[in-house]
Amino acid sequence: MVKDDNQIKEARFKAIVDCNSFYCSCERVFRPDLMNKPVVVLSNNDGCIISQTDEAKSLGLKMTGPYYQAKPLIEKHNVAVFSSNYNLYGDMSQRVMQTLKIFAGEKNVEVYSVDESFLNLIQVPDAQLFEFCLTIKKTVEQWTGVAVSIGTGPTKVLCKVANRLSKKDKKGTNGVVVLDTEEKIREALLQTPVGDLWGVGRRYDIKLQQQGLHTAWDLRNMNEEWGRKNLGGVVGVRLIRELKGQSCLEMKDPLEVKKMIATTRMFGRQVTELKYLREAVATYTARAAEKLRRQHCCAKTMQVFVVVNDYASTYKYNPETFALHSILPTATSVTHELMQYALPLVEKLYKKGSRYLKAGIILSDLVPQSCIQSNLFNDIATNTDQSLMETIDNINCSMRDDAVKFVSSGLTRHWKMRQELRSSRFTSRWNELKEVT
DNA sequence: TCTGGGGTCCTAGGACCC
DNA sequence: TCTGGGGTCCTAGGACCC
């Protein structure tokens with residue numbers, strides 16, 4: 001059904017498939033008793049709400065609002081609360097995406113985030129767009145238990161507009177909105193506040209409002225030069241064109257690799273000792289190195305940063321970031337080599353008496369493993385190192401997190417984040433399988 | 001007491017070169 | 001009164017996304 005062609009062809013219509021309240025939906029799959037009940041999922045460290053169901057939303061809970069502020073409301077209405085369980089969500093995400101690939105063809109699915117994919121609707125006759133999307137929606141729900149909403153249009157921005165409308169009125173639209181005529185597009189844009197557009201954040205929203213532009217339709221009717229001047233150069237031009245139905249944001253090759261890899265975390269409690277700061281950064285380095293190896297890349301630049309909260313003088317929450325970077329003599333993905341550069345940076349950053357809230361490592365300047373430029377004075381990672389890394393990755397992947405780890409990452413991990421309300425990893429750990437009684 | 005973790009793209013401006 | 005022109009590369013920072 002789908003043509004096997006190396007070139008990604010741009011279809012006349014695209015779609016975006018977006019999982020409804022994704023993290024909450026995943027939790028509900030294993031807790032059917034929570035169907036139609038309010039559910040929220042918290043960020044790492046149980047800091048704030050990052051996913052909520054419609055029921056929770058209608059109670060007035062705010063997305064990305066701090067958990068402690070929402071707590072009274074949550075308790076009053078008996079809202080189910082979960083810490084985030086990324087093993088579960090990652091696995092459920094793959095199942096959803098697999099299903100989409102069966103329908104649209106592997107090459108026509110661009111996985112945009114853990115819960116969203118763009119589809120290139122090639123070879124779907126215009127008259128059947130709605131039916132096609134509805135079938136996808138029903139199948140995903142049947143096979144994975146996760147409900148999705150689908151928006152279809154000639155450009156990615158218009159798909160997003162359609163998707164928003166399909167979510168706003170799930171019953172009326174069946175969760176599918178197709179913008180395939182000028183009239184429907186106009187109607188949709190008139191109903192979309194300009195600040196809800198994909199590509200318009202808080203700053204631009206304020207700016208647009210000040211200029212008297214309130215709906216997406218208002219923005220669509222501005223000329224491109226105005227967009228270039230006022231909305232970040234070519235970014236603004238593209239946005240206006242996409243609103244007019246001229247596709248500027250092409251489908252991306254799914255095989256593209258990341259350009260930077262970061263691992264950063266808030267600490268479960270404030271850290272003041274160098275020892276723990278080192279452990280944390282060593283742990284993040286190991287994690288980042290794993291991500292690096294998974295995409296078969298090596299990094300040439302490494303940045304370490306810490307966030308301190310020295311409010312002793314001001315009595316205010318006033319986080320400040322300090323960063324240092326190193327350029328490695330040779331790009332590498334070997335954990336202990338990366339640590340060898342990361343740890344001295346931590347030591348340089350550390351100030352006695354400071355209170356640390358967060359730390360992180362960013363690897364950039366990534367190059368494919370196959371074409372590492374070797375440095376005259378350094379051997380590239382020996383084969384032994386490479387196979388050691390492979391072995392560790394295999395064990396950690398099949399057994400459990402960090403079955404094998406480096407001593408520098410610490411054994412007690414006092415600084416680890418809180419995840420008091422995490423559900424089981426039903427789909428990725430044998431010993432956490434759901435039991436049916 | 002207490003507010004996530006990862007990414008992308010773009011621009012402006014400085015350094016440097018011929 | 002007047003101080004070239006054009007190009008590249010790099011970095012910091014801003015804006016956005018989920």
Side-chain angles (χ1 to χ4, degrees), chain A residues 16-23 40-52 61-72 83-86 89-90 93 110-118 156-157 160 163-164 167 194-208 227-239 248-250 252 256-270 280 284 287-288 291-292 295 300-301 303 305 307 309 311 315-319 321 323 325 327 355 357-366 417-420:
Chain A
I16 187 154
V17 182
D18 188 324
C19 302
N20 299 342
S21 313
F22 182 56
Y23 296 169
V40 300
V41 173
L42 306 180
S43 65
N44 272 328
N45 229 9
D46 296 345
C48 50
I49 300 174
I50 52 169
S51 178
Q52 61 180 7
L61 291 172
K62 267 213 313 269
M63 274 285 261
T64 74
Y67 176 44
Y68 74 92
Q69 270 178 15
K71 223 167 174 174
S83 300
S84 34
N85 182 347
Y86 293 107
Y89 311 148
S93 171
E110 177 196 328
V111 177
Y112 177 71
S113 74
V114 70
D115 70 335
E116 281 176 54
S117 270
F118 284 103
K156 283 185 169 178
V157 169
K160 283 286 207 175
N163 186 237
R164 176 177 166 277
K167 285 196 162 184
V194 77
D196 285 353
L197 277 175
W198 192 47
V200 176
R202 241 195 65 235
R203 295 291 168 87
Y204 287 163
D205 188 19
I206 293 170
K207 200 164 165 183
L208 290 166
R228 189 186 303 279
K229 262 222 196 97
N230 292 278
L231 293 177
V234 301
V235 178
V237 176
R238 283 200 298 236
L239 178 55
C248 306
L249 304 167
E250 305 300 309
K252 274 206 210 126
E256 259 174 56
V257 295
K258 301 224 161 60
K259 294 171 183 166
M260 61 166 252
I261 284 174
T263 303
T264 75
R265 298 268 184 289
M266 296 277 300
F267 298 130
R269 61 184 78 159
Q270 292 192 342
Y284 304 158
R287 182 73 61 231
K291 294 185 199 167
L292 201 54
Q295 65 168 31
K300 186 116 180 54
T301 303
Q303 180 182 309
F305 71 87
V307 178
N309 184 28
Y311 53 74
Y315 290 96
K316 251 174 49 192
Y317 179 68
N318 181 28
T321 303
H325 73 274
I327 294 171
R355 313 204 225 180
L357 292 176
K358 177 178 182 173
I361 181 160
I362 301 173
L363 303 175
S364 51
D365 256 331
L366 309 188
M417 60 194 183
R418 298 182 293 261
Q419 281 197 317
E420 285 150 15

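Chain letters run A, B, ... following the sequence lines, proteins first and then strands; every chain starts at 1. Keep in mind it's a predicted model, so treat the numbers as computed, not measured.
In this structure, A:L197 reaches the sugar-phosphate backbone alone: every heavy-atom distance under 4.0 Å involves primed, P, OP1 or OP2 atoms, never a base. Within 4.0 Å (heavy atoms only), A:K156 reaches no atom of the nucleic acid at all. Residue A:Y67 is classed as having no contact, given no heavy-atom separation below 4.0 Å to the nucleic acid. Residue contacts for A:T263: at a heavy-atom cut-off of 4.0 Å it reaches the sugar-phosphate backbone alone, with no base atom in range. Using a 4.0 Å heavy-atom distance criterion, A:V114 is classed as making no nucleic acid contact. A:I261 comes within 4.0 angstrom of sugar-phosphate atoms only, judged by non-hydrogen atoms across all strands, and of no base. Nucleic acid contact class of A:R238 (heavy atoms, under 4.0 Å, all strands): sugar-phosphate only.
Between A:W198 and A:F118, the ring planes lie tilted relative to each other; the angle falls in the 30° to 60° range. Ring geometry, A:Y284 versus A:F267: the interplanar angle falls under 30°, so the pair is classed parallel (tilted spans 30 to 60°).
The phosphate of B:dG5 (OP1 or OP2) has no side-chain N or O of A:R265 nearer than 4.0 angstrom. Checking the phosphate oxygens (OP1, OP2) of B:dT3, no side-chain nitrogen or oxygen of A:S43 falls inside 4.0 Å. Taking only side-chain nitrogens and oxygens, A:K358 comes nearer than 4.0 Å to OP1 or OP2 of B:dG5. Taking only side-chain nitrogens and oxygens, A:K291 comes nearer than 4.0 Å to OP1 or OP2 of B:dG6. Contact annotation: A:K259 side-chain N/O to B:dC9 OP1/OP2 distance is under 4.0 Å. In this model, the phosphate group of B:dT11 is not approached by any side-chain N or O of A:K229 to a distance below 4.0 Å at OP1 or OP2.
Within the 4.5 Å cutoff, the side chain of A:L208 has heavy atoms near those of the A:L231 side chain.
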Exercise. Before giving the answer on side chain to side chain contact (heavy atoms under 4.5 Å, CB included), spell out for A:I49 and A:K62 the whole-Å C-alpha distance, their side-chain angles and the decisive distance to 0.1 Å.
Key: CA-CA 7 Å; A:I49 300 174; A:K62 267 213 313 269; over 6 Å; no
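Screening A:L363, A:D365, A:L366 against A:K300 for a side chain to side chain contact (heavy atoms under 4.5 Å, CB included) leaves a single residue, A:D365.
Spacing of P atoms, C:dC18 relative to B:dT3, comes out at 24 Å, to the nearest Å.
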